[in-house]
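Just so it is clear, the model here is predicted, and its values are computed rather than measured.
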Amino acid sequence: MDVTLHLAQDPDADALLGRSPLAALTGMLLDQQIPMEWAFKGPETIARRMGADDLDAHDIAARDPEEFAALLSEKPAVHRYPGSMAKRVQALCQYLVEHYAGDAEAVWRDAGSGAELLKRLEALPGFGKQKAQIFLALLGKQLGVTPQGWREAAGAYGETKSYRSVADITGPESLAKVRAHKQEMKAAAKAAKAARTKE
């Protein structure tokens, strides 16, 4: 895996995401309740604070939870909720060590179909169906992981030029389109909620 991603909008962080399967998975895990760029810059920040140039699932899984939480909490914090996200990152790494010998890429390397890959992603701690589908779409659209039926398994996120998620972000222009789509979705959800309240 060695591609150029543009999710963190930061050259060093994006370079790590493009070459490190664990960094990409960790960025996806962190991508909630904070701006996307902040989330995807997280893996590079964690690696740097650990004195490494990549993330190591065995190392993270074995860290003292309080020390690891402190590492994510240092300013600038890796996430708005560094303590709870530190637990999630460790849980993800512990799962990878237990089920994939710590090799994040093994989650998708030999997946026979899109459906099987989706199932594997959904089994990861911190990955619900939506997050798993978005990551599956990212793998297919930008990382060359295209098992049979991957677009169907990724649902709407797998559609060509759908600009729904991080899977479609390749630079500032597509980032703006994804942001606009998310704002539309939020506005629609708000309007639907308001309509239900009036009933």
Roughly how far, to the nearest 0.5 Å, is OH of Y81 from CD1 of I34? 10.5 Å

In terms of ring plane angle, is the pair W108 and F135 parallel, tilted or perpendicular, where the classes change at 30° and 60°? tilted

Donor-acceptor contact present, side-chain H79 to main-chain L30, <3.5 Å: yes

Quick one: do the Y100 and E105 side chains pair a donor with an acceptor below 3.5 Å? no

With side-chain hydrogen bond (donor to acceptor under 3.5 Å, both in side chains) as the rule and sequence neighbours excluded, what pairs involving residues 52-70 come up? S20-D54, D59-R63

Without swapping roles, check the side chain of K141 against the backbone of E159 for a donor-acceptor pair under 3.5 Å. yes

Determine yes or no for a side-chain-to-main-chain donor-acceptor pair under 3.5 angstrom, with R120 supplying the side chain and V107 the backbone. yes

Measure the spacing between CG of D168 and CG of L138 and express it to the nearest 0.5 Å. 9.5 Å

Spell out, as yes or no, whether a donor-acceptor pair under 3.5 Å connects the side chain of K131 to the backbone of D31. yes

Could you work out, with side chain to side chain contact (heavy atoms under 4.5 Å, CB included) as the rule, every residue matching T170, not counting sequence neighbours? Q142, S174

Just verifying a value: how many Å separate L25 CG and Y95 OH, rounded to the nearest 0.5 Å? 11.5 Å

Results of salt bridge (Lys or Arg N to Asp or Glu O under 4.0 Å) for R80 - residues two or more places apart only: none

